[in-house]
Chemist: 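Got a structure for you, questions after.
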Amino acid sequence: MGIKICLCKIFFLLLALSMNSKSQNSNISPMFNYRIENVFSKDGKNYDWHQPNKVAISNEGNVYVLDTQNKKVLMYDSDMHLVSNIKGGGVESEMFETPIDIKIGNNNLLYILDYHHQKIFIFNKDGKFVRSIRIPQFSLAFTVDVNENIFINSPRKDGSIMKLDKDGNYIKSFGPLLEKENKKFVLNWAFLEYDQTSKIIVASYQYFPVVQIFSSEGTLVKEFELNSVSVQELRDAPLCDWAKDKFAAKIFTVGITIHKGVAYNLISYSDSQPLTLYLFELSGTKISEIPLLDNKNKPISLLMSISSNDNNLYLSAADGNIYVLKMNN
């Protein structure tokens with residue numbers, strides 16, 4: 001079943017497919033394997049989310065679930081027991097309206113990007129409002145470095161990434177714009193991830209099979225194409241038909257996380273292949289690409305985001321599930 005996506009509707013509420021596969025997740029790759037440790041469902045006790053659009057994990061192992069539709073962030077301890085929640089939708093200055101991305105800063109502060117107000121709201125780890133920053137341009141994804149500088153993906157003529165200081169003051173734009181059919185701005189939406197160890201920023205583009213790696217100062221360190229089995233399908237996919245409101249992409253990135261020097265890029269296809277994890281070193285060297293299967297050997301579908309902590313991968317899905325994968329690499 002093909003997936004038709006309109007870039008005009010730029011939310012990251014991505015749809016994947018339920019697909020069949022004969023591969024076994026226990027012997028897919030000699031370099032990486034995993035098992036499903038837990039599956040938390042929106043119908044479970046205290047899991048009062050509609051759709052876990054994004055998940056962030058603190059250094060202490062606390063889990064923060066962003067639920068855009070219900071305008072809230074749910075906070076759980078490392079055992080997924082509900083601790084508290086932050087509710088948005090109000091008129092107060094600290095109330096977000098459409099939370100679209102979430103990050104945990106090095107200072108354990110919680111950063112929430114709000115699509116509606118064009119702001120980043122900052123809370124402490126207990127959910128108490130600290131402050132908000134207005135961002136100068138529309139964005140759907142961001143990350144925070146060790147110095148509390150904020151990097152937002154906001155494509156414009158002078159770059160695809162904008163750097164702000166901790167108060168939201170503009171510093172610079174950087175990142176060469178990728179081009180398709182002589183159009184540079186339409187497709188330059190990326191997921192951003194900051195690695196505290198190497199102090200680099202990884203940009204994984206949603207509609208390009210390309211990864212760019214930058215220093216915190218905005219210098220392009222590395223750019224490479226994903227060596228994926230179906231990457232040619234994306235290269236040949238047409239652009240958005242603005243008149244008919246259609247976009248037919250065959251492959252796209254759903255999210256990226258970095259753990260112990262390895263990047264885990266989540267890729268979704270629209271053909272008969274299951275969703276896969278594309279693993280690469282921060283030098284750009286590919287490690288492995290493996291299908292994502294549950295413990296019954298069925299493809300995990302409808303994935304929307306990926307995050308990591310303590311050898312665990314957290315995958316959130318549009319059907320209301322959060323999967324915890326134990327990595328055995």
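We use all heavy atoms of the structure for the numbers below, so side chains are in, but hydrogens, waters and symmetry mates are not.
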Chemist: Is any side-chain heavy atom of E223 closer than 4.5 Å to one of V210?
Modeler: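 They are in side-chain contact.
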Chemist: Is a salt bridge present between E217 and K172, judged by a nitrogen-to-oxygen distance below 4.0 Å?
Modeler: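 No salt bridge links E217 with K172.
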Chemist: Do L74 and V324 sit in one hydrophobic cluster, given that two such residues count as connected whenever their side-chain heavy atoms are within less than 4.5 Å of each other, even indirectly?
Modeler: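 Linked, L74 and V324 end up in one cluster.
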Chemist: Taking ring pair (Phe, Tyr, Trp, His ring centres under 6.0 Å) as the test, write out the residues that go with F280, two or more places apart.
Modeler: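 Partners of F280 under the ring pair (Phe, Tyr, Trp, His ring centres under 6.0 Å) test: F224.
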Chemist: Apply ring pair (Phe, Tyr, Trp, His ring centres under 6.0 Å) to F214 and list each qualifying residue two or more places apart in sequence or on a separate chain.
Modeler: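 Once residues adjacent in sequence are excluded, the partners of F214 under the ring pair (Phe, Tyr, Trp, His ring centres under 6.0 Å) criterion are F174.
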Chemist: Could you tell me if the side chain of I36 sits less than 4.5 Å from the side chain of L325, heavy atoms only?
Modeler: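 Side-chain contact under 4.5 Å: yes.
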Chemist: Return yes when atom NZ of K166 has more than 12 non-hydrogen atoms of other residues, nucleotides or ligands closer than 6.0 Å, and no otherwise.
Modeler: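 12 or below, so no.
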Chemist: Quick one: salt bridge (charged side-chain N to carboxylate O under 4.0 Å, His left out) pairs with a partner in residues 148-157, sequence neighbours left out?
Modeler: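 Residue pairs with at least one partner in residues 148-157: R131-E148, R156-D158.
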Chemist: If I take atom OH from residue Y278 and atom CG from residue L266, how far apart are they, to the nearest 0.5 angstrom?
Modeler: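 Taking OH in Y278 and CG in L266, the distance rounds to 14.0 Å.
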Chemist: Report, as yes or no, whether the 6.0 Å neighbourhood of atom CD on Q137 holds more than 12 heavy atoms from other residues, nucleotides or ligands.
Modeler: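 Atom CD in Q137 is crowded, with more than 12 foreign heavy atoms closer than 6.0 Å.
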Chemist: Is the closest basic N to carboxylate O distance between K72 and D67 below 4.0 Å?
Modeler: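 The answer is no: the pair does not qualify as a salt bridge.
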Chemist: Going by ring pair (Phe, Tyr, Trp, His ring centres under 6.0 Å), name the residues that satisfy it together with Y314, two or more places apart in sequence or in a different chain.
Modeler: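 Once residues adjacent in sequence are excluded, Y314 has no partner under the ring pair (Phe, Tyr, Trp, His ring centres under 6.0 Å) criterion.
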Chemist: May I have all residue pairs that pass salt bridge (charged side-chain N to carboxylate O under 4.0 Å, His left out) and include part of residues 252-264, sequence neighbours excluded?
Modeler: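 Pairs touching residues 252-264 that pass the test: none.
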Chemist: Could you pull out the closest heavy-atom pair between W49 and F40, with the gap in Å?
Modeler: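 Scanning both residues completely, I find the closest heavy atoms to be CZ2-O, 3.7 Å.
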Chemist: Of all the heavy-atom pairs spanning P155 and L177, show the shortest one and how long it is.
Modeler: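 Shortest heavy-atom separation between P155 and L177 comes out as CB-CD2, 4.5 Å.
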Chemist: How about K128: does its NZ atom have over 12 heavy atoms from other parts shown lying under 6.0 Å from it?
Modeler: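 Open: at most 12 neighbouring heavy atoms sit under 6.0 Å from NZ of K128.
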Chemist: Restricting to ring pair (Phe, Tyr, Trp, His ring centres under 6.0 Å), what partner residues turn up for Y170, sequence neighbours left out?
Modeler: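 Checked Y170 against ring pair (Phe, Tyr, Trp, His ring centres under 6.0 Å); zero matches.
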Chemist: Supply the atom-to-atom distance Y323 OH to S41 OG, rounded to the nearest 0.5 angstrom.
Modeler: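 Here the rounded value is 9.0 Å.
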Chemist: Donor-acceptor pair, Q212 side chain versus P176 backbone, under 3.5 Å?
Modeler: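 A pair under 3.5 Å: yes.
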